[in-house]
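Have a look at the structure below, then the notes.
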Amino acid sequence: MLRYLTSRKILAALFVLVICLTLPYGCFSGQKAFSSVPQLLTDPFLQLPTQSSVRVVWFTEFAGSKHNVAYGDNLQQTVTANTTKLSRTREDQESKVGNQKENGQVYKQPISRDIWRHEAEVVGLTGLKRVSYRVTSVREDGKSISSNSFTLAPTPTPGTPLKILLTSDHQLKPMVATNLQKVVETVGKVDAVLLAGDTVNIADRASEWFDDNGGGAFFPCLQGRAKFETDVNGIKTSFLGGEILQHAPMFTSIGNHEVMGRFGKGKSLGDEFNDAFPRAVAMKLYGEKSLKNNSYNTDTYEEIFTLPESQEGGESYYAVSFGDVRLVVLYATNMWRTPNMDAEARGKYRERDKDLQNPENWGYGQVIFEPIAKGSQQYNWLEKELNSPEFKQAKYKVVMFHHPPHSLGDNIVPAYTHPVEIIERDANRNVKTVRYKYPKKSDYLIRDVIPLLEAAKVQMVFYGHSHVWNRFRSQSGMHFLETSNVGNTYGAFLSGDQRSVPSGDKKDYAALGDPNGLEPVLPTIAPLPGKDGKPIPYIASNNITAFSIFDTGKGTVSSYRFDISQPDSKVVKFDEFQLR
């Protein structure tokens with residue numbers, strides 16, 4: 001009998017061991033079964049450069065006993081990193097990570113994933129000299145892992161010629177790795193990256209940042225460690241992305257995909273992302289104590305990056321000088337809702353019929369996350385920044401945010417304004433319909449922000465959101481650039497196909513063209529032909545990926561495209577314009 005029980009115990013233990021080894025993150029949250037060789041979850045990347053320092057950041061799945069950066073000649077100097085744990089990173093049934101390649105294979109609901117962030121400040125830097133560096137993490141069991149050696153530098157001084165990558169809307173899209181690999185192959189190392197929002201799809205889903213098994217996670221693509229395979233016409237090609245962030249700091253703005261909705265209320269992280277709730281309504285329903293968890297947050301985004309800060313907006317809106325550039329970053333994005341207007345749509349323009357009697361389930365239209373209208377805290381900060389000596393004395397004045405003020409894309413409609421709620425009730429005061437209107441005359445970006453930028457002589461406004469490449473120029477000469485087609489598109493609406501908009505209201509909802517009255521600029525070098533063979537002023541293709549480079553030495557912004565359906569073809573410079 002004793003032998004029988006012992007055998008059963010052994011078999012049970014082996015079964016549990018097999019299950020634990022099958023799961024990517026061990027049996028229990030917080031309990032790590034160490035592999036024989038420790039791994040870094042990312043290569044190091046650079047953040048927040050100053051005139052004499054820069055931050056080095058990297059991630060692991062172990063807390064470790066020591067983490068440091070070695071730098072300088074022969075890597076003889078060291079600095080110890082501070083370690084923090086990300087507070088909201090999770091995986092769920094829709095994650096593509098580890099052994100889970102299809103929905104629900106491993107995870108049945110959201111579960112915490114332990115990830116630690118390490119940050120060290122390298123100080124004492126001078127001039128233009130680039131310095132070698134390498135990071136090392138020591139695990140709790142004493143085993144260590146080091147990165148390769150890369151180079152870092154302080155913020156460049158005015159007059160330094162720079163090449164700055166302009167990009168946005170990565171979101172694990174099919175050709176992001178291709179796009180970034182072509183950046184490095186075409187222009188070599190860049191000096192900085194400006195990313196106008198939408199880094200990933202679901203900000204709290206850890207694998208989208210670090211190790212999605214589709215090969216297109218955020219950091220691998222920007223660090224040359226992606227393994228994204230494409231199959232075009234039966235030809236398989238693998239792309240690694242580009243080794244960029246290890247050498248160049250990145251400045252980002254908040255897009256709608258950096259924002260998570262009500263915490264823990266959805267069955268999946270996707271449900272949670274789609275459940276952003278207006279703060280004013282949340283205050284009435286839930287009170288101030290749990291306001292953030294019952295409305296929306298950018299916690300994971302802000303925990304991952306170390307960005308410049310403003311006193312008023314923290315990392316959500318800020319300004320920074322980098323070489324000859326004064327970069328102003330705004331928080332201008334809203335909750336994306338479907339334009340669908342049928343009875344089951346919790347959309348831009350209406351609530352679902354089944355939710356009409358329960359306001360807690362309403363979507364409230366395209367919720368604007370941070371006020372930017374005239375008189376708001378952000379607007380007042382912007383007005384002050386545009387009058388600052390740092391801004392006025394800068395050679396190049398660039399403003400970056402996510403939502404497009406001018407675009408041929410889909411997401412520019414409706415206007416960037418708070419939804420006007422229209423509720424119809426029956427004789428018993430029961431709700432019959434809930435609809436939302438967006439008066440074009442109340443567009444905060446066009447009515448309030450753009451006139452400020454024009455008056456301050458901003459040379460370029462850079463943004464994303466609609467997954468197209470197009471650009472515009474105002475009468476005063478201010479350039480508007482949207483370069484967010486990094487490998488997929490939702491279309492451009494200049495002629496032919498029309499946006500999905502409410503019928504009978506052409507004044508507020510433009511089905512074609514730029515709703516705000518500018519004509520798109522035709523690319524100056526090699527525009528693509530349309531169906532009729534005539535050149536078109538945009539790129540909206542699922543085969544062609546585009547990126548732009550701001551060369552501060554020449555004062556030019558050049559845009560390039562690559563056609564993945566012709567994998568042996570060359571990158572084509574198709575547009576270039578000069579900043580005055």
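Sequential numbering from 1 along the given sequence is applied to the chain's residues. No hydrogens, no waters, no symmetry mates; every other heavy atom, side chains included, goes into these values.
Each of Ser559, Ser558, Ser548 was compared with Glu576 under the side-chain hydrogen bond (donor to acceptor under 3.5 Å, both in side chains) criterion, and only Ser558 meets it. Test Tyr538, Tyr463, Phe480, Phe462 against His406 for ring pair (Phe, Tyr, Trp, His ring centres under 6.0 Å) and you get one pass: Phe480. When each of His257, Glu482, His402 is checked for a side-chain hydrogen bond (donor to acceptor under 3.5 Å, both in side chains) with His465, only His402 meets the rule. The ring pair (Phe, Tyr, Trp, His ring centres under 6.0 Å) test with Phe45 singles out one residue from Phe150, Phe219, Trp209, and that residue is Phe219.
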Check against side chain to side chain donor-acceptor pair (under 3.5 Å), Glu258 and Thr199 = CA-CA 7 Å; Glu258 276 69 53; Thr199 47; 2.5 Å; yes
request  = Evaluate the criterion side chain to side chain donor-acceptor pair (under 3.5 Å) for residue pair Glu454 and Ser474; output intermediate values, then yes/no.
outcome  = CA-CA 9 Å; Glu454 294 269 11; Ser474 71; 3.0 Å; yes
task = Mind running ring-ring contact (aromatic ring centres under 6.0 Å, His included) on Tyr396 and Phe322 for me, showing each step along the way?
result = CA-CA 10 Å; Tyr396 299 115; Phe322 191 81; over 10 Å; no
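Classified by interplanar angle (parallel below 30°, tilted 30° to 60°, perpendicular above 60°), the ring pair Phe210/Phe59 is tilted. By the 30° and 60° cut-offs, the orientation of the rings of Phe218 relative to Phe305 is perpendicular. Ring planes of Tyr331 and Phe369: parallel class, angle under 30° (limits at 30 and 60°). Aromatic ring pairs are classed by plane angle as parallel below 30°, tilted from 30° to 60° and perpendicular above 60°; the pair His403 and Tyr416 is tilted.
Counting heavy atoms from C-beta on, the side chains of Leu579 and Met460 come closer than 4.5 Å. Between Leu180 and Ile244 there is a side-chain heavy-atom pair separated by less than 4.5 Å.
Defined by atom type and a distance below 3.5 Å, a donor-acceptor pair is present between the side-chain atoms of Lys348 and Gln366. Using modelled atom types and a 3.5 Å distance limit, the side chains of Asn543 and Ser541 yield no donor-acceptor pair. Under the 3.5 Å distance criterion, with hydrogens and angles disregarded, a donor-acceptor pair is assigned to the side chains of Asn179 and Thr545. In this structure, a donor-acceptor pair under 3.5 Å is absent between the side chains of Asp43 and Trp58.
A salt bridge links Asp275 with Arg346: the distance from a Lys NZ or Arg NE/NH1/NH2 to an Asp or Glu carboxylate oxygen falls below 4.0 Å. Taking the charged nitrogens against the carboxylate oxygens, Glu383 and Lys374 have no contact shorter than 4.0 Å, which rules out a salt bridge. Electrostatic pairing of Glu94 and Arg205 counts as a salt bridge here, judged by a charged N lying under 4.0 Å from a carboxylate O. Under 4.0 Å is where a charged nitrogen must lie from a carboxylate oxygen, and between Asp212 and Lys96 no such pair does.
Ring to ring, Tyr560 and Phe574 are not that close: their centroids are 6.0 angstrom or more apart.
The number of heavy-atom neighbours closer than 6.0 Å to CG of Asp497, taken from other residues, nucleotides and ligands shown, is 12 or below.
Between the Glu208 side chain and the Asn201 main chain, a donor and an acceptor come within less than 3.5 Å of each other.
If you take NZ on Lys440 and OG1 on Thr417, they are separated by 13.5 Å, rounding to the nearest 0.5 Å.
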